[in-house]
J.: 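Before anything else, here's the structure in question.
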Amino acid sequence: MVFPASAHQPPDQVTNALSGNEGQEATLLTTPSRRCEACDRFADRVVPNYHHIHRADKLPRLRSGDAHIVIHGYAVEISGAIPQSWVFFHDIEPALAFGRAGRMSSVDIRSYGVFAAAREIRFDEQLGDVITLHLTGGNLDRKPDEAKALTRWLAGVNPESSHFAPPDRR
């Protein structure tokens with residue numbers, strides 16, 4: 001199956017949405033005039049959970065509809081002995097804790113990065129849900145104030161729930 005490289009493009013800008021190559025690796029494809037740097041950078045990779053990863057100067061606006069959802073948060077990239085993967089979080093505190101804890105494995109995860117992100121889901125009649133991860137800015141991890149964020153994360157951990165909620169949102 002071939003997925004559109006950028007779910008944020010209008011449908012008429014996406015070509016060859018289905019190639020009939022079931023069972024083969026996903027391939028990212030757009031018209032050459034609309035191809036972005038991220039399309040070229042990630043076109044040869046199959047990234048779990050995402051059809052496309054797009055780097056931009058700013059994140060797309062929030063949306064909440066039946067066929068188009070955009071939520072803002074933070075994405076953690078992990079890589080090393082395991083394949084490159086991205087994990088999305090609503091809050092920066094668990095994103096930083098996840099990246100730091102994973103890197104402490106020192107064997108399976110050799111690098112990580114935390115980025116401001118948006119997770120976009122668009123429904124396509126032929127493909128179903130097409131999921132794009134939008135990234136902006138540089139790494140947010142390993143900054144001088146990271147200890148404060150990790151302290152907030154610890155304060156927001158509820159042993160009775162898997163969800164993070166800082167005390168002001170409980």
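Along the sequence shown, the residues carry numbers beginning at 1. All values below were derived from every heavy atom in this structure, side-chain atoms included, with hydrogens, water molecules and symmetry-related copies excluded.
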J.: Backbone N or O of P83 within a donor-acceptor pair of the S85 side chain at under 3.5 Å?
T.: yes
J.: Report yes if some heavy atom in the side chain of I92 is under 4.5 Å from a heavy atom in the side chain of L140; otherwise report no.
T.: yes
J.: Should we count NE2 of H163 as having more than 12 external heavy atoms under 6.0 Å?
T.: no
J.: Has the side chain of R119 got a donor or acceptor atom that lies under 3.5 Å from a matching backbone atom of V70?
T.: no
J.: Has the side chain of D91 got a donor or acceptor atom that lies under 3.5 Å from a matching backbone atom of E93?
T.: no
J.: Indicate the atoms forming the closest heavy-atom contact of A81 with R110, along with that distance.
T.: N-NH1, 3.6 Å
J.: Find the distance between OG1 (T132) and NE2 (H52) and round it off to the nearest 0.5 Å.
T.: 6.0 Å
J.: So, for F88 and Y74, is the gap between ring centers shorter than 6.0 Å?
T.: no
J.: Would you give the length of the straight line joining atom CG of L59 to atom CZ of R61, rounded to the nearest 0.5 angstrom?
T.: 13.5 Å
J.: Using side-chain contact (heavy atoms from CB on, under 4.5 Å), reason through L135 and I53 one step at a time and then give a plain yes or no.
T.: CA-CA 7 Å; L135 304 169; I53 297 174; 3.7 Å; yes
J.: So, do H90 and F164 sit near enough that their side-chain heavy atoms are less than 4.5 Å apart?
T.: no
J.: Which is it for R63 and I69 under the side-chain contact (heavy atoms from CB on, under 4.5 Å) test, yes or no, and what are the steps along the way?
T.: CA-CA 5 Å; R63 291 178 176 263; I69 299 168; 5.8 Å; no
J.: Between V76 and F89, is a side-chain contact (heavy atoms from CB on, under 4.5 Å) present by the stated rule, with each step listed?
T.: CA-CA 8 Å; V76 180; F89 294 87; 3.8 Å; yes
J.: Atom CG of D124 and atom NE2 of H51: how far apart are they, to the nearest 0.5 Å?
T.: 10.0 Å
J.: Is there a path of hydrophobic side-chain contacts, each under 4.5 Å between heavy atoms of I/L/V/M/F/W/Y residues, joining I82 to Y112?
T.: yes
J.: Is the side chain of N158 donor-acceptor paired with the backbone N or O of E160 at a distance under 3.5 Å, no angle test?
T.: yes
J.: Distance from I131 atom CD1 to I121 atom CD1, nearest 0.5 Å?
T.: 5.0 Å
J.: Of all heavy-atom pairs between R142 and N139, which one has the smallest distance, and what is that distance?
T.: NH2-ND2, 4.0 Å
J.: So L62 and H72, do their side chains get closer than 4.5 Å, heavy atoms only?
T.: yes
J.: In terms of ring plane angle, is the pair H134 and H54 parallel, tilted or perpendicular, where the classes change at 30° and 60°?
T.: perpendicular
J.: Can you hop from L150 to V87 via hydrophobic side chains spaced under 4.5 Å?
T.: yes
J.: Looking at V114, is its backbone amide N or carbonyl O close enough to the side chain of D141 to form a donor-acceptor pair, meaning the two atoms are under 3.5 Å apart?
T.: yes
J.: Among the clusters formed by ILVMFWY side chains lying less than 4.5 Å apart, do Y50 and I71 turn up in the same one?
T.: yes
J.: Does the distance from a Lys or Arg side-chain N to an Asp or Glu carboxylate O, for E146 and K148, drop under 4.0 Å?
T.: no
J.: Any idea which heavy atoms bring A149 and L96 closest together, and the distance?
T.: CB-CD1, 3.5 Å
J.: Does T136 reach the main-chain N or O of A56 with its side chain, forming a donor-acceptor pair under 3.5 Å?
T.: yes
J.: Any side-chain heavy atom of F115 within less than 4.5 Å of one from E77?
T.: yes
